[in-house]
Amino acid sequence: MKKYIIQGGHPLKGNISVSGSKNATMPILSATLLIDGITRLTNVPDLGDIDIFFELMKRAGAIITPYEKNAFEIDTRNIHTGDVDDSGLEKIRGSQTLLGALLARIGKVTLPSLGGCQIGARPIDIHLNGLKQLGAESSIIKGAVHLEAQKINASHIYLDYPSFGATANLILASCTAQGNTIIENAAQEPEIADLVNFLNKSGAKIYGIGSKTLRITGVERLRPVTHRIMPDRIQASTYMIASAITQGDLTIENISANDFSSVIFKLRETGAEVQIMNMDKIRVSMRQRPMGFKIKTMPFPGFPTDVQSPMLALASLADGMSVIMESVFENRFQVAQELNRMGAKIVYNERMATVIGVENLYGAVVQVQNLRAGASLVLAALAAQGESEILGIEAIERGYDNLDKQLAQCGAEITRMED
Ligand code: EPU
């Protein structure tokens, strides 16, 4: 068991540089499987989920070689199977985009199971409906997803919900199909835009970047390119909240401020001073207790569900009441019971949490249930009086690159321990 020991009560001060985005990296890695050549990716985050993703790609025939810090050459000239055995590996949700990519490259794909954080039922019906319209037949046998298509047929697809994973899969499956595909009600997350930018650089013809309607003219082949993965907007948001909750003063670098306007505006409402220094640098300081606030999570450009749990920690210490509505995943409030053990006053059901702000949180032994819940507990512990033990930090390390070191260099008293 790995854990963090945190002595709370130190305002964070200094600079933090954010790594590349986890949720952009995995779809872009999938996209390299469409290319017959050697792609170079830079700003790849150093995360557990990415290591697992590399293993899955290697099982399909990819050769992956690091050539600089956070930079990899991905040789996809010998992709020979779509049967991606995941035995011996932890299950990750990011593997979902292997479906669209390997279907397009090999014509069939089998993925034993999809994992990821237990934050809701997370079905893949929207993926499968869309892929069916592109000509794929799907079956699920003992939890394994199997897809097969003689040929990908361009199609006009409407998504019942702007699912991030389904949008990525349909882009990947259709960009080398013959003819024109339209995806309506597509996800607009910046990570989808990064995927589209990567593919267009490689020769794809995808129009409507960042909008709800994507038009894809199939091209015969894609060529290898070099691409820098976009900054992680969820890490950036988490560090902004770390500054606010500890009444600190942090400058967060290597960001793209356009990608998280909803978080910037909400933090200002709580009383934080947020100064966009350049579009790639932001300073957040807080001089008093945050004020209570209201948020409702929504697909981009709405308030991101991944930042909801960190905001719950901030709400716990706010002056006044906060109301947080979760509209994306139905099981995101498990963390409230751990925050309550630290002295928070949160009542919640599946979709809504009401938080009566308290003046102080107190150190406690708490258990991480999922990635963003883990971030929330770390933030609460940084602001709490006394010592906290955060157990099960493996989940945090799936999505935050060197979280403990980043915080420690800004004055946090945090130690990582392995039993
Ligand atoms: N949904 C369906 N059917 C589908 C697909 C989705 O009902 O076929 C539902 C889901 O159950 C959920 C909602 O639609 O209630 C949103 O799911 P979406 O498909 O948009 O999300 P995802 O692709 O499963 C990715 C990220 C999540 C992030 C969401 C939303 C990865 C690996 N995961 O998940 O990131 O919260 O998009 O932006 O890219 C995280 O990083 O901690 C994380 C959970």
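Order of listing sets the numbers, starting from 1, for every ligand and every atom in it.
In the displayed structure, Q178 atom CD is contacted under 6.0 Å by at most 12 heavy atoms of other residues, nucleotides or ligands. The number of heavy atoms from other shown groups lying within 6.0 Å of OH (Y161) is above 12. Counting non-hydrogen atoms of other residues, nucleotides and ligands closer than 6.0 Å to NZ of K201 gives a total above 12. K296 NZ: 12 or fewer foreign heavy atoms inside a 6.0 Å radius. Within a 6.0 Å sphere centred on NZ of K58, heavy atoms belonging to other residues, nucleotides or ligands number more than 12. For K294, the NZ atom is loosely surrounded, since the number of other residues' heavy atoms within 6.0 Å does not exceed 12. Heavy atoms of other residues, nucleotides or ligands lying less than 6.0 angstrom from CE of M417 number 12 at most. Around atom CD of E137, no more than 12 heavy atoms belonging to other residues, nucleotides or ligands sit under 6.0 Å away.
For F300, no heavy-atom contact with ligand 1 is shorter than 4.0 Å. Residue I126 touches ligand 1 through backbone and side chain together, judged by heavy-atom distances below 4.0 Å. Counting heavy atoms closer than 4.0 Å to ligand 1, residue L128 contributes nothing at all.
Annotation: M26 places no N or O atom under 3.5 Å from an N or O atom of ligand 1; distance criterion only. Between R122 and ligand 1, an N or O atom pair is found at a separation short of 3.5 Å. For ligand 1, the polar-atom distance check against R93 finds no nitrogen or oxygen pair separated by under 3.5 Å. Where the criterion is an N or O separation shorter than 3.5 Å, residue side chain and backbone included, P162 fails it with respect to ligand 1.
Taking atom 19 (O) of ligand 1 as the reference point, the nearest protein heavy-atom neighbour is S163 OG, 2.6 Å. Closest protein heavy atom to atom 3 (N) of ligand 1: D125 OD1, 2.8 Å. Nearest protein heavy-atom neighbour of atom 38 (O) of ligand 1: E189 OE2, 3.7 Å. Atom 35 (O) of ligand 1 has its closest protein heavy atom at N23 ND2, 3.1 Å. Distance from atom 4 (C) of ligand 1 to its nearest protein heavy atom, with residue and atom name: P123 O, 3.0 Å. Atom 42 (O) of ligand 1 has its closest protein heavy atom at R372 NE, 3.0 Å. The shortest contact between atom 28 (C) of ligand 1 and any protein heavy atom is with D306 OD2, 3.4 Å. Here the protein heavy atom with the shortest distance to atom 37 (O) of ligand 1 is F164 CB, 3.4 Å.
At a cut-off of 3.5 Å, with distance as the only test, no side-chain donor of T32 or T39 sits close to an acceptor on the other residue. Using a 3.5 Å distance cut-off with no hydrogens or angles, the side chains of D85 and S87 do pair a donor with an acceptor. Side-chain contact annotation: H227 with D194, donor-acceptor N/O pair under 3.5 Å present. With 3.5 Å as the limit, one finds no donor-acceptor pair spanning the side chains of T42 and E68. A donor-acceptor contact closer than 3.5 angstrom is absent between the side chains of N169 and Q96.
Here the closest non-hydrogen pair linking G343 and L361 is C-CD2, 3.9 Å. Taking every heavy atom of both residues into account, C175 and L199 meet most closely at SG-CD2, 4.1 Å.
Atom 26 (C) of ligand 1 lies below 4.0 Å from at least one non-hydrogen atom of the protein.
Atoms of ligand 1 lying under 4.0 Å from any heavy atom of V328, numbered from 1 in the order shown and given with element: 12 (C), 13 (C), 15 (O), 16 (C). Listed by number with element, the atoms of ligand 1 under 4.0 Å from a non-hydrogen atom of Y161 are 13 (C), 14 (O), 16 (C). Residue-ligand proximity, Q96 to ligand 1, at heavy-atom distances under 4.0 Å covers atoms 22 (P), 23 (O). For ligand 1, the atoms closer than 4.0 angstrom to any heavy atom of K22 are 40 (C), 41 (O). Shown in contact with I124 at under 4.0 Å from a heavy atom are these atoms of ligand 1, numbered in order with element: 4 (C), 8 (O). Near G94, meaning under 4.0 Å from one of its heavy atoms, ligand 1 places the atoms 32 (C).
Contact annotation: E191 has no heavy atom less than 4.0 Å from any atom of ligand 1. Judged by the shortest distance from any of its heavy atoms, A187 lies outside the 4.0 Å radius around the atoms of ligand 1. Residue R332 places a heavy atom less than 4.0 Å from ligand 1.
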